[in-house]
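Working notes for the structure below.
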Amino acid sequence: MSTFYFATTNNGQDTWINCGADSSTSSCSSESQRFLSSSSECDWSGITCNGNGEITKIDIRENGLTGTLSTFIQELVSLSSSLELLRFSKNALSSTIPTEIGQLSNLQYLFLNNNNLVGTIPTSLENLSKLATFSVGNNDMDGTIPSKIFHPALRNLDLDDINFHGTLPSEMFTSLLGLANIDIGGNAFEGTVPKRFGNLTNIKLLYIQNNKCVGTLPLELFVSASLSMLNCSRNDLNGSLPDELYGATSLR
């Protein structure tokens, strides 16, 4: 993990907030948890390993990480057989999401939200068939949603405030999906609110506010008994609210 550390600290010139290599500039509750210490990588802060000593989770959020994903993606790819969770939320990582990320075939949770990422979602994410959570909201990206990222394993989708546009792909609404939480607010998606949201029987949270949606709210939106949180404000919607809204007892 040394390549990763130096890539996110400007070759050691910058420092992490917690458990960076330099003890004079970065606090750490235990020296064995400090990155690049003599202890096992499995003991370093944010690193979790399985019983075979293989890294399964890298969870380093809100820690002042800088640099680009592309400079250390190959080190992550070398962990593809075991890596299940990757969380770099609320740092200052930049560049595009490298296509090589699609080689992390066992990845189940990917959190890249609240960074300085640009560009689009790479189509290589279609290879991540085990991905249950994909969070990339609050970045400086643009583009449209790739249609092939929707696998049955996907449960949580966070794409809020990333300047995406166009219409929502039909693959998003297949009844085979177990999507439970969708946040696509703060973009420029257009068109009517799809009736096919009614196909998502497990949906609990749906945020589509602050887009360019038009027309009326379809009654099919309220078919799911599990829908508890809905925000569709700040769009160009019109018409009256469907009667089914008042029977949606799970909404709060």
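Along the sequence shown, the residues carry numbers beginning at 1.
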Partner set under side-chain hydrogen bond (donor to acceptor under 3.5 Å, both in side chains) for Ser89, not counting sequence neighbours:
Asn113
Gap between atom CD of Glu171 and atom NZ of Lys148 - 0.5 Å precision
8.5 Å
Donor-acceptor pair between Trp44 and Ser37 side chains, under 3.5 angstrom:
yes
Would you say Ser95 and Thr68 are linked by a side-chain donor-acceptor pair, where the criterion is simply a distance under 3.5 Å?
no
Pairing donors with acceptors under 3.5 angstrom, does anything connect the side chains of Asp160 and Asn138?
yes
Residues two or more places apart in sequence or in another chain: which of them pass salt bridge (charged side-chain N to carboxylate O under 4.0 Å, His left out) with Arg87?
Asp59
Backbone of Thr99 reached by a side-chain donor or acceptor of Ser124 within 3.5 Å
yes
How long is the gap from CG on Asp22 to OG1 on Thr15, to the nearest 0.5 Å?
6.0 Å
Side chains of Cys232 and Leu217 in contact at under 4.5 Å (non-hydrogen atoms):
yes
Side-chain donor/acceptor of Tyr5 to backbone N/O of Ala21, under 3.5 Å
yes
Start with the C-alpha distance between Ile184 and Leu168, add both sets of side-chain angles, then the distance that settles side-chain contact (heavy atoms from CB on, under 4.5 Å), and finish with yes or no.
CA-CA 10 Å; Ile184 55 174; Leu168 301 177; 3.8 Å; yes
Determine whether Phe150 and Thr174 make a side-chain contact, defined as any pair of heavy atoms from C-beta on separated by less than 4.5 Å.
no
Is Asp43 reaching over with its side chain to a backbone N or O of Gln33, donor-acceptor style, under 3.5 angstrom?
no
Distance-only donor-acceptor check, side chains Ser94 and Asn116, under 3.5 Å:
no
Is the side chain of Asn187 donor-acceptor paired with the backbone N or O of Gly185 at a distance under 3.5 Å, no angle test?
yes
Between Ser27 and Asn18, do the side chains contain an N or O donor and an N or O acceptor separated by less than 3.5 Å?
yes
Asp236 (side chain) donor-acceptor with Lys212 (main chain) under 3.5 angstrom
no
Value for CG (Leu69) from CG (Leu86), rounded to nearest 0.5 Å, stands at 8.0 Å
Can you name the residues that form a side-chain contact (heavy atoms from CB on, under 4.5 Å) with Thr120, not counting sequence neighbours?
Asp142
In this structure, which one of Leu107, Thr56, Ile58 forms a side chain to side chain contact (heavy atoms under 4.5 Å, CB included) with Leu79?
Ile58
List for me each residue that meets side-chain hydrogen bond (donor to acceptor under 3.5 Å, both in side chains) alongside Asn235, sequence neighbours excluded, and say none if there are none.
none
Glu31 meets the salt bridge (charged side-chain N to carboxylate O under 4.0 Å, His left out) criterion, sequence neighbours left out, with Arg34
Hey, mind stepping through Leu200 and Leu206 against side-chain contact (heavy atoms from CB on, under 4.5 Å) and telling me if it holds?
CA-CA 11 Å; Leu200 304 178; Leu206 177 60; over 6 Å; no
When you measure from the side chain of Ser226 to the backbone of Thr201, do you find a donor-acceptor pair of N or O atoms at a distance under 3.5 Å?
yes
Quick one: are Gln108 and Lys130 in side-chain contact, heavy atoms under 4.5 Å?
yes
Applying the side chain to side chain contact (heavy atoms under 4.5 Å, CB included) criterion to Asn139, which one of Leu93, Ile97, Leu117 satisfies it?
Leu117
Sidechain-backbone polar pair: Ser32 side chain, Ser39 backbone, donor-acceptor under 3.5 Å
no
To the closest 0.5 Å, what do you measure between CZ (Phe88) and CZ (Phe4)?
4.0 Å
Rounded distance [0.5 Å steps], CG in Asn91 versus CZ in Phe111:
14.0 Å
Residues two or more places apart in sequence or in another chain: which of them pass disulfide bond (SG atoms under 2.5 Å apart) with Cys28?
Cys19
Have Asn156 and Asn181 got a donor and an acceptor in their side chains that come within less than 3.5 Å?
yes
Rounded to the nearest 0.5 Å, the OG1 atom of Thr144 sits from the CD1 atom of Ile121 at a distance of 8.5 Å
